[in-house]
*Asks:* 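Starting off with a structure, shown below.
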Protein chains: 2
Amino acid sequence: MRAVGPKREDLEALHEEVRDRLRSADQLFTTGRRRLVELLAEVGRPVTIPQLIAADSGVALSSAYRNMAVLEQVGVVARIVSSGEHARFELTEAVMGHHHHHLICSTCGRVDDFTVPDDVEQAIEDALAEVATDSDFLASSHRLDLVGTCVGCASTSG
Amino acid sequence: MRAVGPKREDLEALHEEVRDRLRSADQLFTTGRRRLVELLAEVGRPVTIPQLIAADSGVALSSAYRNMAVLEQVGVVARIVSSGEHARFELTEAVMGHHHHHLICSTCGRVDDFTVPDDVEQAIEDALAEVATDSDFLASSHRLDLVGTCVGCASTSG
DNA sequence: GCCCTCACTGGGATTCGGTCTCAATCCGCC
DNA sequence: GGCGGATTGAGACCGAATCCCAGTGAGGGC
Ligand SMILES: [Mn+2]
Ligand SMILES: [Mn+2]
Ligand SMILES: [Zn+2]
Ligand SMILES: [Zn+2]
């Protein structure tokens, strides 16, 4: 169930959604953009542009960055900057339909998804709502990251 | 009580701690490094190097970055990268002695601190411990950010 | 306090992720 | 198929951060 691409009909629905979102922003759903969305859906984890290019050499650097910006603009893609290295991109929660958080390996930069139980999520949201009120802050989302060392890096560095 | 610099004896203790940490890494506690620590303690909020230079024109760009890296190495300073703009720096929880989280303004990049009630913090830690176990991930810390718009940006943009 | 040595400093060159430019190409539409 | 405007992509460009190295300062030995 892990690291396997989405089922066929899910991918179709995803493309439909992306097409609609692009259209309402007067943007075309070109093959290049379709490919980016497909790659992101396939990988199922935040990836860098160089990684995408390595996975599909048909992707051009400048176009990839430009299209990621467009897809970000219309709410299809989220940009993750956690370190000074390459930014990473993933499909948004709005498009994927589930809220999650990130395991971040501070050694290799790898990012994986995880979720916490609903009651914990709720407790967090309640606490944050109060913080926002107290600080006159207009909250739009929260981020919960677990930082450490991934399996690969742990075994490598022995 | 807010935005006011630390009391005198706290600052002394802080310098003591920083000196020790630098010494055990065979690093000198130079005036430049002392000044960085003082500035960070004074501001009490994650700031960029350009901001530090604006606040104290005696700080040199390359030295500031190099010393921040050194101070980061010895656990005195934490680097925060949240966006593609300038990184921000703050004194670590290890040195300041209290755990906290960040309010991040996605408009101007400003970062402020906040805390959540102990029981929520505990619930988060428990949940994350379980996630780490299930994922074979060696967790070293967590991050909880509230992303949105700060008061200043909210009033400015109408 | 005064040297001597060696780490530190800082201005500028350099790196490098990401953006911008613009002519060639593709897309949607007729 | 043909037209007009959006998109593409190779490379120029930008800017945050690092690197280099000659000049400076810190601190141990005296
Ligand atoms: Mn994710
Ligand atoms: Mn902070
Ligand atoms: Zn790793
Ligand atoms: Zn703001």
Side-chain angles (χ1 to χ4, degrees), chain A residues 15-16 18-39 46-54 56-74 76-90 108-109 111, chain B residues 15-16 18-39 46-54 56-74 76-90 108-109 111:
Chain A
H15 282 163
E16 205 77 8
V18 173
R19 178 196 308 280
D20 288 350
R21 281 174 178 263
L22 283 171
R23 213 170 251 165
S24 18
D26 288 312
Q27 297 277 348
L28 301 179
F29 190 38
T30 62
T31 43
R33 290 169 186 178
R34 173 185 292 265
R35 186 170 299 174
L36 287 183
V37 170
E38 264 163 16
L39 285 171
V47 287
T48 66
I49 300 289
Q51 284 173 348
L52 288 184
I53 291 175
D56 181 342
S57 53
V59 176
L61 185 77
S62 61
S63 300
Y65 278 110
R66 181 168 3 84
N67 284 331
M68 283 301 186
V70 170
L71 291 169
E72 190 181 16
Q73 206 80 26
V74 301
V76 169
V77 157
R79 185 186 304 242
I80 304 171
V81 193
S82 44
S83 82
E85 303 300 300
H86 298 265
R88 281 163 189 270
F89 299 88
E90 69 175 352
C108 70
V111 179
Chain B
H15 282 164
E16 205 77 10
V18 173
R19 179 196 307 279
D20 290 351
R21 282 174 176 262
L22 284 171
R23 214 170 248 166
S24 17
D26 289 313
Q27 296 278 347
L28 301 179
F29 190 38
T30 61
T31 45
R33 289 169 186 179
R34 172 186 292 264
R35 186 171 299 174
L36 287 183
V37 170
E38 264 162 16
L39 285 171
V47 286
T48 66
I49 300 288
Q51 285 173 348
L52 288 184
I53 291 175
D56 181 342
S57 54
V59 176
L61 185 77
S62 62
S63 300
Y65 278 110
R66 182 172 358 88
N67 284 331
M68 284 301 186
V70 170
L71 292 168
E72 189 181 15
Q73 206 81 26
V74 300
V76 169
V77 157
R79 185 187 303 244
I80 305 171
V81 188
S82 46
S83 82
E85 303 301 299
H86 297 264
R88 282 164 190 269
F89 300 88
E90 69 175 351
C108 70
V111 179

*Asks:* What's the CD1-P distance between A:Ile49 and C:dT19, to the nearest Å?
*Replies:*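 About 9 Å, once rounded to whole Å.
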*Asks:* A:Arg35 has an atom CZ; how far is it from atom P of C:dC27, in whole Å?
*Replies:*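 Taking CZ of A:Arg35 and P of C:dC27, I get 11 Å after rounding.
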*Asks:* On DNA chain D, does the nearest nucleotide to A:Ala60 precede the nearest nucleotide to B:Leu61 from the 5' side, or the other way round? Give the residue.
*Replies:*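 Between the two, 5'-proximity favours A:Ala60.
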*Asks:* Assuming nearest nucleotide by heavy-atom distance, tell me which of A:Thr30 and B:Gly84 is located more 5' along DNA chain D.
*Replies:*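 Mapping each residue to its closest nucleotide by heavy atoms, the 5'-most match is A:Thr30.
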*Asks:* Within the pair A:Thr31 and C:dC27, is there a side-chain N or O less than 4.0 Å away from OP1 or OP2?
*Replies:*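 Result: yes.
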*Asks:* Can you tell me the distance, in whole Å, between the CG atom of B:Leu28 and the C1' atom of D:dG25?
*Replies:*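 The distance from CG of B:Leu28 to C1' of D:dG25 comes to 10 Å, rounded to the nearest Å.
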*Asks:* Is there a side-chain polar atom (N or O) of A:Asn67 under 4.0 Å from OP1 or OP2 of D:dT8?
*Replies:*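 For D:dT8, OP1/OP2 do have a side-chain N/O of A:Asn67 under 4.0 Å.
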*Asks:* In whole angstrom, give the distance that lies between atom NE2 of A:His86 and atom C1' of D:dA17.
*Replies:*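 Roughly 14 Å, once rounded to whole Å.
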*Asks:* Reckon B:Gln27 has a side-chain N or O less than 4.0 Å from the OP1 or OP2 of C:dA7?
*Replies:*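 Answer is no, no contact under 4.0 Å.
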*Asks:* Kindly indicate whether the side chain of A:Ser62 and the base of D:dA10 share any N or O donor-acceptor pair separated by less than 3.5 Å?
*Replies:*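 Flag set: donor-acceptor pair detected.
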*Asks:* Would you say A:Ser63 places a side-chain N or O within less than 4.0 Å of OP1 or OP2 belonging to D:dG9?
*Replies:*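 A:Ser63 to D:dG9 OP1/OP2: side-chain N or O found under 4.0 Å.
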*Asks:* Hey, is CD on A:Gln73 packed in by over 12 heavy atoms from elsewhere, all under 6.0 Å?
*Replies:*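 No, CD of A:Gln73 has 12 or fewer neighbouring heavy atoms, counting only those of other groups under 6.0 Å.
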*Asks:* How would you label the contact of B:Ala69 with the nucleic acid (heavy atoms, under 4.0 Å): base, sugar-phosphate, or nothing?
*Replies:*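 B:Ala69: no heavy atom of the nucleic acid under 4.0 Å.
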*Asks:* Would you kindly give the CG-to-C1' distance between B:Asp26 and C:dC6, to the nearest whole Å?
*Replies:*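 One finds 13 Å between C1' of C:dC6 and CG of B:Asp26, rounded.
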*Asks:* With a sphere of 6.0 Å drawn around CD of A:Glu85, does it hold more than 12 non-hydrogen atoms of other residues, nucleotides or ligands?
*Replies:*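 Not buried by this count: 12 neighbours or fewer within 6.0 Å.
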*Asks:* In whole angstroms, how far is the P atom of D:dG9 from the CG atom of A:Asp56?
*Replies:*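 Nearest whole value for this atom pair: 11 Å.
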*Asks:* Taking only side-chain nitrogens and oxygens of A:Arg66, does any of them come within less than 4.0 Å of OP1 or OP2 of C:dT19?
*Replies:*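 The answer is no; no side-chain N or O of A:Arg66 sits under 4.0 Å from OP1 or OP2.
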*Asks:* Rounded to the nearest Å, what distance is computed from the CZ atom of residue A:Arg23 to the P atom of nucleotide D:dA6?
*Replies:*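 Going from CZ in A:Arg23 over to P in D:dA6 covers 16 Å.
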*Asks:* Please confirm whether the shortest side-chain N or O distance from A:Arg79 to OP1 or OP2 of C:dG18 is below 4.0 Å.
*Replies:*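 So the side chain of A:Arg79 is outside the cut-off, no N or O lying under 4.0 Å from OP1 or OP2 of C:dG18.
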*Asks:* Look at B:Tyr65 and D:dT18 and indicate whether a side-chain polar atom (N or O) is within less than 4.0 Å of OP1 or OP2.
*Replies:*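 So the side-chain polar atoms of B:Tyr65 never come under 4.0 Å of the phosphate oxygens OP1 or OP2 of D:dT18.
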*Asks:* Quick one: does any side-chain atom of A:Arg79 pair with a main-chain N or O of A:Ala87 as donor and acceptor, under 3.5 Å?
*Replies:*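 Not confirmed, A:Arg79 side chain does not pair with A:Ala87 backbone.
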*Asks:* Over how many whole Å does the gap from B:Arg19 atom CZ to D:dG27 atom C1' extend?
*Replies:*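 B:Arg19 atom CZ is separated from D:dG27 atom C1' by 12 Å.
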*Asks:* Spell out, as yes or no, whether a donor-acceptor pair under 3.5 Å connects the side chain of A:Ser24 to the backbone of A:Asp20.
*Replies:*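 Confirmed, A:Ser24 side chain pairs with A:Asp20 backbone.
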*Asks:* Could you tell me whether the side chain of A:Arg88 and the main chain of A:Gly109 form a donor-acceptor pair under 3.5 Å?
*Replies:*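 Such a contact is found between A:Arg88 side chain and A:Gly109 backbone.
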